[in-house]
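Read the numbers this way: they start at 1 and go in the same order the structure lists the ligands and their atoms. Scope of the values below: all heavy atoms of this structure, side chains included, with no hydrogens, waters or symmetry mates.
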Amino acid sequence: MDSMNILTSLALFLSFLLVIKLFITNKNKNKNKKKPPPSPPNSLPILGHLHLLQKPLHQSLASLSAQHGPILLLRFGNRPVLIVSSASIAYECFTTNDIALADRPRLPSIAVLTYNHTSLSFAAYGPHWREMRRIATVEALSGPRLAFFSDVRADEARLMARRLFHCSGKVELRSSLFGLAMNVIMRIIAGKRYYGEKGEKEKEVHNFKDVIEKILSLTGANNVGDFLPAVIGWFARREVDKKLARYHKYRDEIVQSLIEEHKRRRREEEEEEEKEGGLKQKQKIHKTMIDALLSLQDDQPKQYTDVFIKALINLNSSGHRHFIKHNRMVDPPPSPPNSLPILGHLHLLQKPLHQSLASLSAQHGPILLLRFGNRPVLIVSSASIAYECFTTNDIALADRPHLPSIAVVTYNHTSLPFAAYGPHWREMRRIATVEALSGPRLAFFSDVRADEARSLARRLFHCSGKVELSSSLFGLAMNVIMRIIAGKRYYGDKGEKEKEVHNFKDVIEKIISLSGANNVGDFLPTPIGWFARREVDKKLARYHKYRDEIVQSLIKEHKRRRREEDAEEEKEGGLKQKQKQKIHKTMIDALLSLQDDQPEKYTDVFIKSLINSLIAAGTDTSSNTIEWSMSLLLNNPDKLEKARQEIDEQIGHDRLLDEADLIKLPYLHCIINETLRLYPVAPLLIPHVAREDCNVGGYSVDRGTMLLVNVYKIHRDPMLWSEPTKFLPERFQNGKEEGSKISMMMPFGMGRRRCPGEGLALKEIGLVLGILIQCFQWKRIGIEEVDMTEGSGLTMPRDKHLEALCTPHQYMIKVLSQI
Ligand code: HEM
């Protein structure tokens, strides 16, 4: 009995425990049960709440929220849809729950438009979306890119204002605003406008706008068919699907044709590069977005397919095939008033030309069409339009003008910088690169630069005190180039040569100051032009004769030596032949070897023309840049001290700085960049000419138009640079936002006619400037700042030669006395 009682009590106790456990579990279950957001009543089978909705959807949802609260759970067919209409809950969605809510719905109707849900706006959250977003940011939407394209926006806004000005009265704004937005995005993506000015295009823009609007109105959560079960949904969607497929085809073809156009241009460029023996330096050209995407495609064709590119580009742009094929824009660029007969706008210009053009651009805009006499001249003063000139329009604008005054100094326009774009220019550029300016040749001649820099330091050490730097720097640059060209120095340490160097420098400077677009006589009709030029012509003929004779004598000297070597070889029975081939020749030797094989092509005139090109382009450009740098540092002693400290820390006092050290001297590099920004020695580049009709900045440019790109103005654009006229090397230092804008500078030009001597120039400038700072203390002559007035001409020298006080640093005396 007892045991029965015990068993019964135990059973009762266990039952009690079970009841308690069930009670607790149930309580917890109720406690943990997720509470869905409130849902309005009247949800129907199949339709859910769809029957409560009307268009426009946002208004319909707003009134539901007003009745039922700021967070609602609706059903669109079978799909649960959360409606949030309060700022604080929306904030919670995109902070605490940001990742959880980062996906997009795969709505069937938009599959075709979004390349199967892979477009940036509709891609699932993950690596593909991340990569698309990264590219869109880097190439189009980042701060530096927005700054770079600020001119594009300003230009389009100006154009719209002009349109409204001409058609004032009742206006339809929508298409104009759409056209503006379209042009802005197209110029970023494809480097060209979509929408011109003439009436006949308006209809097409209207069509395109219509298509985009329809696509937008049919996407999003607007199609009931997207939310109904398969067969009913398909049936409900069939009309919308058909329309969207049609619109998609229309838009897809346009973007595909843009891609094809870019591919064709890239192929042509590659072919040309091959023609040039693969020697064209790989340039850091800032490309269009399509170019950037095609470069990625080159490396990883499977990932960056055409579909990938189109899915990204279709984000917010496209164009009409008709525009792309017949993209001859309508209006010529704006032109300032007051163009006079015969003179055109010449009477508005003063020297220095780059400053005069800068003030005209400040008044009338970044792209202008002037008339220099009869000649149309396109003036470009914005980074983005200049960039368009040397990417999309690079071949079209690769020619040079045949200015009558420079015919004599350029051997009838056959010198490398002034030769017409074509096989002769290509051949000259190839030889200059192979024999003088390529990476291996620069490495080969590094001793020459070190030797010349040492020699300059020695001279300054011995004549310290008040020094005139211009001639010494010119002499150095001249020796470097002469040793490459002719294997010997031009300028010795001895006093008697100084006068000669001075003369030669004078001649080169005068030739350069009289070249470029500086002679009014070059632009006036024949008899008047000839009369206006006659003094300049006479001077240039005299300078040319002087320079030509020096170079001819060098050629003669080489020919004589080669003859002697041949004679000797004959004596030795041809045994020296093999040895001779191995001898590393001077550039003149290389050219004379070519002359041996093809005397009609590689004449003495060809050789002189090429050599004089390198002397003219490679001497005062580098020496002027060093002179500007020193001038800036003299006026900013704190920056000079900072550079000295950097050299002190990295190299010390026991040896002279050499080229291999330059990589360790980022601040010195910043100083050079900042000098090239403020004082680009070719402020208008070398004039280009349109070989064919083209469009620049949305305007039509006729064949034969001369192009002057005002790099000086671009480098001081307040939209791009903070405190643009201030010498602030720090702006290029790591991590500084402005450092990334280096690609917006073009002191060496851009595209095909870009300076081939950039590598040589940067090495030479870095080495010389570094040694000047390492070895000497520099002070201004008086208390006044160094005068920074700019001279005029093709290049931009200082107006006055630079003089300064130079004393060797005590701690460098030992090194200096040993060199
Ligand atoms: C700081 C130094 C230099 C600067 C800033 C500079 C700048 C330029 C610029 C802006 C152009 C014209 C680009 C155009 O028209 O689009 C040019 C062309 C040229 N430069 Fe330089 N340059 C420098 C040094 C050199 C050196 C050291 C050499 C060679 C020894 C050189 C050889 C040339 C040649 C041959 C051209 C004509 C290219 C052509 O028309 O195809 N430059 N340079």
Look at [atom] and say which protein heavy atom is nearest, naming residue and atom and giving the distance to 0.1 Å.
atom	value
atom 35 (C) of ligand 1	L416 CD2, 3.5 Å
atom 13 (C) of ligand 1	R753 O, 3.2 Å
atom 38 (C) of ligand 1	R429 NH1, 3.5 Å

*Indicate the ring-plane relationship of F776 and W778, choosing parallel, tilted or perpendicular according to the 30° and 60° boundaries.*
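Judged by the thresholds at 30° and 60°, the geometry between F776 and W778 is perpendicular.
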*asked:* Which label fits F372 and F523: parallel for a plane angle under 30°, tilted from 30 to 60°, or perpendicular past 60°?
replied: perpendicular
Going by the atom numbers of ligand 1, which of them fall below 4.0 Å from some non-hydrogen atom of [X]?
X	answer
P747	5 (C), 7 (C), 10 (C)
I686	12 (C), 15 (O), 18 (C)
I765	1 (C)
I481	30 (C)
T625	1 (C)

*Judged by non-hydrogen atoms, does V709 sit under 4.0 Å from ligand 1?*
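Checking ligand 1 against V709, which is what was asked, there is no heavy-atom contact under 4.0 Å.
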_Closest to atom 40 (O) of ligand 1 (judged by heavy-atom distance), picking from H688, R400, M428_ =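 Considering heavy atoms of H688, R400, M428, the nearest to atom 40 (O) of ligand 1 sits in R400.
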*Looking at L668 and G770, what are the two nearest heavy atoms and their distance?*
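Looking at all heavy atoms of both residues, the shortest contact is CD2-CA, 4.0 Å.
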*Can you see which heavy atom on R753 is nearest to which on W425, and at what distance?*
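Closest pair (atom of R753, atom of W425, distance): NH2-CD1, 3.1 Å.
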_Counting only heavy atoms closer than 4.0 Å, does ligand 1 sit against the backbone of W425, its side chain, both, or neither?_
side chain
*Backbone, side chain, both or neither: what part of E764 comes under 4.0 angstrom of ligand 1, heavy atoms only?*
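Within the 4.0 Å criterion, E764 makes no contact with ligand 1.
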_Cation-pi check for Y712 against R677: NZ or CZ below 6.0 Å from the six-membered ring centre and within 45 degrees of the axis, yes or no?_
no
_cation_pi(R716, Y679) dist<6.0 Å, angle<=45_ =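 Judged by the rule, R716 and Y679 form a cation-pi pair.
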*Is there a donor-acceptor pair closer than 3.5 Å between any side-chain N or O of R429 and the backbone N or O of L416?*
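Pair absent, no side-chain N/O of R429 close to backbone of L416.
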*Is there a donor-acceptor contact under 3.5 Å from the side chain of H688 to the main chain of L397?*
yes
*For the residue pair H669 and F732, is the inter-centroid distance of their aromatic rings smaller than 6.0 Å?*
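That pair fails the under 6.0 Å test.
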*Could you check E270 against R266 for salt bridge (Lys or Arg N to Asp or Glu O under 4.0 Å), going step by step and ending with a plain yes or no?*
CA-CA 6 Å; E270 271 166 26; R266 286 161 59 86; 5.0 Å; no
*Closer than 2.8 Å to atom 21 (Fe) of ligand 1, which protein N, O or S atoms?*
C755 SG
*Among V409, T414, V408, which one satisfies side-chain contact (heavy atoms from CB on, under 4.5 Å) with Y411?*
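Running side-chain contact (heavy atoms from CB on, under 4.5 Å) over V409, T414, V408 with Y411 returns exactly one hit, T414.
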*asked:* Whether K639 and E674 form a salt bridge (side-chain N of Lys/Arg under 4.0 Å from carboxylate O of Asp/Glu) is what I want to check.
replied: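 Judged by the 4.0 Å cut-off on N to carboxylate O distance, E674 and K639 do not form a salt bridge.
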_CD/E268: more than 12 non-hydrogen atoms of other groups inside 6.0 Å_ =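 Yes, CD of E268 has more than 12 neighbouring heavy atoms, counting only those of other groups under 6.0 Å.
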*Is there a nitrogen or oxygen of S622 sitting under 3.5 Å from a nitrogen or oxygen of ligand 1?*
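There is no such contact.
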*Based purely on interatomic distance, does R754 place a nitrogen or oxygen under 3.5 Å from a nitrogen or oxygen of ligand 1?*
no
